[in-house]
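Please read the structure below before turning to the comments.
The sequence lines fix the lettering, A, B, ..., with proteins before strands; numbering per chain opens at 1.
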Amino acid sequence: MKKMLLFSIFLLLLSSVLSACNSNDATTAATEDGKVVIDFFHRWPNEPRKSFYDEKIKEYMEANPDVHINVNSVLNDSYKEKIKVLVSSDDLPDIFSSWSYSFAENLVSSEKIMPLNDVLSEDQEWSSSIIESQYDGFKFDEETYGVPFTVDGKAFFYNKAIFEENNIAVPKTYDEFIAALDSLKQAGYEQPLVEGLTDTWAISHYLGTIFERVVDPAVLEKDYTPETGEFTDPGYIKGLEIFEQLAGYMGDVSTAMDHEAARNMFAAGEVPVLYMQFAEIKMVEEASDVEFGFFDFPEVEGGKGDPTALTGAPEGWMVSKNAPKETVDFLKFLTSAETAAEFTKTDGQLNAVKGAVTPENVNATSQEAYELVTNATSTAPWFDNAVNINIADVFMRGGQELATGQSTPQDVMKNVQQEAKSLRE
Amino acid sequence: MARKIPLIPTLFLLPSLLFLGIFIYFPLVQNVYNSFFDFSVFSPTKEFVGFASFQQLLQDEVIVAAFINNVKYAVISVLFQVFFALVLATILEDKVFRRIAPALRVIYFMPVMISISVIALLFTFVYNPQMGLLNSFLELIGLENLATPWLGNATTAIYAVIAMSQWQSIGFITMLFIVAIQKIPKELYEAADIDGAGKVRKFFNITIPQVKETMFVNVLITVTGSILVFNEPFILTGGGPGFSSTTLSVLMYEQGFGKDNMGYASAIATLIFVLSAIFALIQIRVSGTGKDD
């Protein structure tokens with residue numbers, strides 16, 4: 001009798017634990033009142049985008065009363081981690097934001113992402129409204145797995161007033177750029193160029209662009225593929241030397257702060273030059289009334305790379321394989337011309353939908369940036385999205401070590417080559 | 001009737017056993033199992049690689065650097081938290097401070113109650129190279145040559161992180177010592193007074209031997225804590241610049257969730273477990289705890 005009691009208590013406990021584990025599986029089904037539930041996950045819990053998407057969801061649910069959208073959001077780095085956990089636990093949201101290239105490729109390799117070729121070809125009117133070249137980062141083996149939405153690029157932003165005051169012209173070549181930094185230094189700006197090097201991605205953005213300039217594109221293509229990457233080209237050493245030299249102008253505070261702090265310094269007019277994304281234009285404008293312009297990363301003399309390649313990759317939306325069919329409709333809604341125009345007006349970030357960036361919803365600087373993005377001879381993805389993350393990490397940590405003087409370009413490349421070797425195997 | 005007695009205690013133990021089993025021992029075994037595979041969270045399958053991850057572990061220079069950081073953490077924590085906290089506790093329990101001791105106790109204990117993430121964010125402002133409290137203070141007292149970007153300098157980063165930990169944890173350890181000191185029979189001190197022993201003599205000959213058990217527990221807490229330390233370096237520096245303030249746990253996290261080498265991360269986790277188990281065993285042996293006389 002006692003044994004029975006013990007056993008039944010044990011069973012009771014066990015069943016409660018097990019049922020707790022199972023309760024998550026039921027989320028994709030319809031709700032009790034017959035509504036279709038779409039789980040929507042994005043990475044902007046901060047304003048203005050959170051409100052923007054909340055508003056859009058409300059709008060969509062009002063227009064489609066049989067659909068209920070659950071929304072969830074976490075910020076950047078946490079997003080990267082959370083989406084990985086969700087992928088591995090079979091709990092992938094129905095529609096979610098994703099970076100392009102290697103980040104997207106990783107997600108696709110889980111075989112849980114919906115291939116979109118059929119969806120795109122069925123509705124040409126919608127799919128062709130998005131700038132063709134921006135699809136590249138979501139295409140793997142001829143299949144498209146994502147719809148690009150925001151576009152971006154990186155350039156040196158400079159404080160116009162400070163440049164004029166010191167008679168400095170916008171540099172056209174790398175040597176001119178260094179000369180400009182030197183004269184700014186003489187003018188009393190101890191760190192004429194600033195960057196938050198605790199954000200390792202900021203280093204990867206620098207390195208990616210530098211390598212685009214100094215290394216032959218064919219070599220880059222070979223090295224960026226994990227199966228064939230060797231990283232033996234002397235151009236990489238030169239590239240790291242360039243970064244080391246630039247880090248010399250960032251001052252020793254740079255390794256102790258993040259990119260946001262660097263941006264604030266630029267906005268406060270304390271620092272004349274900052275390597276920044278176009279997506280940040282509006283943030284600087286809202287933080288201050290500094291007048292600024294921008295120039296592309298200058299050409300490096302003797303560099304074998306593309307002197308005008310633009311670094312920057314789109315972000316977009318992905319749909320889970322098991323998502324309800326209404327999700328596609330919601331995807332079209334999110335990437336429609338109206339949503340896109342309103343989005344750019346609210347947020348300032350440029351988007352890939354044709355005709356959605358106009359002088360009415362962006363300022364002159366952003367308009368100029370948009371033209372640069374859409375007319376670039378070639379676009380290179382962010383370095384940490386272009387190469388395998390293990391390689392990127394060696395470069396990013398190495399970049400920090402170069403900035404603090406703990407390491408040399410040769411040492412960093414030795415580690416990179418070792419990592420590349422173990423990835424080839 | 002004879003069976004009734006073991007049954008009731010068993011029933012009480014069962015829930016905790018079940019939870020320990022599901023949430024501690026099962027994951028532990030699974031982690032060791034995982035470390036023999038190479039997989040990412042994205043890959044639908046795991047690839048068996050045998051001891052390859054452990055081989056990689058032995059050749060990885062970063063592991064050594066991280067381990068050295070953990071050792072620095074442990075040594076400084078033991079020195080500061082165990083010995084200094086004992087001194088602090090003794091002072092707080094001294095007759096001289098009887099009136100203000102309760103207030104001081106609260107002050108020292110306050111940081112323990114604040115979430116470590118909050119503290120770490122707070123300290124990023126303290127260490128901020130431009131407007132940080134620390135550098136401003138150094139300038140104020142005329143020591144501006146000592147001001148550096150504490151977290152951005154490869155040689156100071158790990159010490160800056162450790163210093164924050166000490167600030168946070170010392171109150172907790174002090175509290176444990178205070179409780180232990182209060183349990184020491186007053187007669188011992190009275191006898192020492194009669195024998196003419198001074199405060200220092202009483203500290204070494206009465207307080208230390210009497211709080212030995214607590215001291216052992218505290219050493220165990222700080223050392224195992226030092227091997228597992230994650231939040232502080234992760235939030236303050238992310239392990240940087242370079243790998244200068246990386247600890248084993250940060251490395252494990254980066255490998256697993258940053259670089260998606262789940263198998264290798266499992267191997268590091270196994271290493272961390274083995275290390276902390278070894279330290280705990282050594283300490284239990286050395287101190288011979290449990291044999292209370």
Is it the backbone or the side chain of A:Met396 that comes under 4.5 Å from a heavy atom of chain B, or both, or neither?
neither
What option among A:Val108, A:Leu107, A:Val87, A:Asn106 has the most heavy-atom pairs under 4.5 Å with chain B?
A:Asn106
Can A:Tyr236 and A:Asp223 be said to form a side-chain contact (heavy atoms from CB on, under 4.5 Å), step by step?
CA-CA 11 Å; A:Tyr236 293 108; A:Asp223 284 341; 2.7 Å; yes
Quick check on the interface: out of B:Phe243, B:Tyr127, B:Phe257, who has the most heavy-atom pairs with chain A under 4.5 Å?
B:Phe243
Tell me which of these, B:Pro129, B:Ser244, B:Gly239, has more heavy-atom pairs under 4.5 Å with chain A than the rest.
B:Pro129
For chain A, which of B:Asn153, B:Asn128, B:Val62, B:Asn261 has the most heavy-atom pairs under 4.5 Å?
B:Asn261
Answer with side chain, backbone, both or neither: which region of A:Gln418 has an atom nearer than 4.5 Å to a non-hydrogen atom of chain B?
neither
No-hydrogen, no-angle side-chain donor-acceptor test under 3.5 Å, B:Tyr73 and B:Ser165:
yes
With a 4.5 angstrom heavy-atom cut-off, is it the side chain or the backbone of B:Phe39 that approaches chain A, or both, or neither?
neither
Under 4.5 Å to a heavy atom of chain B? For A:Lys80 that would be neither
Most heavy-atom pairs under 4.5 Å with chain A, out of B:Gly256, B:Ala157, B:Gly258, belong to B:Gly258
Heavy-atom cut-off 4.5 Å, strictly under: side chain, backbone, both or neither for A:Leu402 against chain B?
neither
Residue, of A:Thr404, A:Asn388, A:Thr255, A:Val85, that accumulates the most heavy atom pairs under 4.5 Å with chain B
A:Thr255
Check whether the ring centres of A:Tyr101 and A:Tyr224 lie less than 6.0 Å apart, and answer yes or no.
no
Between B:Phe51, B:Phe48, B:Tyr264, which is the residue that forms a ring-ring contact (aromatic ring centres under 6.0 Å, His included) with B:Phe37?
B:Phe48
Just to verify, which of B:Thr237, B:Asn135, B:Thr156 counts as forming a side chain to side chain donor-acceptor pair (under 3.5 Å) with B:Trp150?
B:Asn135
Does B:Glu254 pair with A:Arg397 as a salt bridge, N-O distance under 4.0 Å?
yes
Within a strict 4.5 Å, meaning less than it, do heavy atoms of the B:Ile116 and B:Met164 side chains meet?
yes
Partner chain B: residue of A:Ser254, A:Ala256, A:Gly399 with the largest heavy-atom pair count (under 4.5 Å):
A:Ala256
Check: A:Tyr79/A:Ser97 side-chain N/O donor and acceptor closer than 3.5 Å
yes
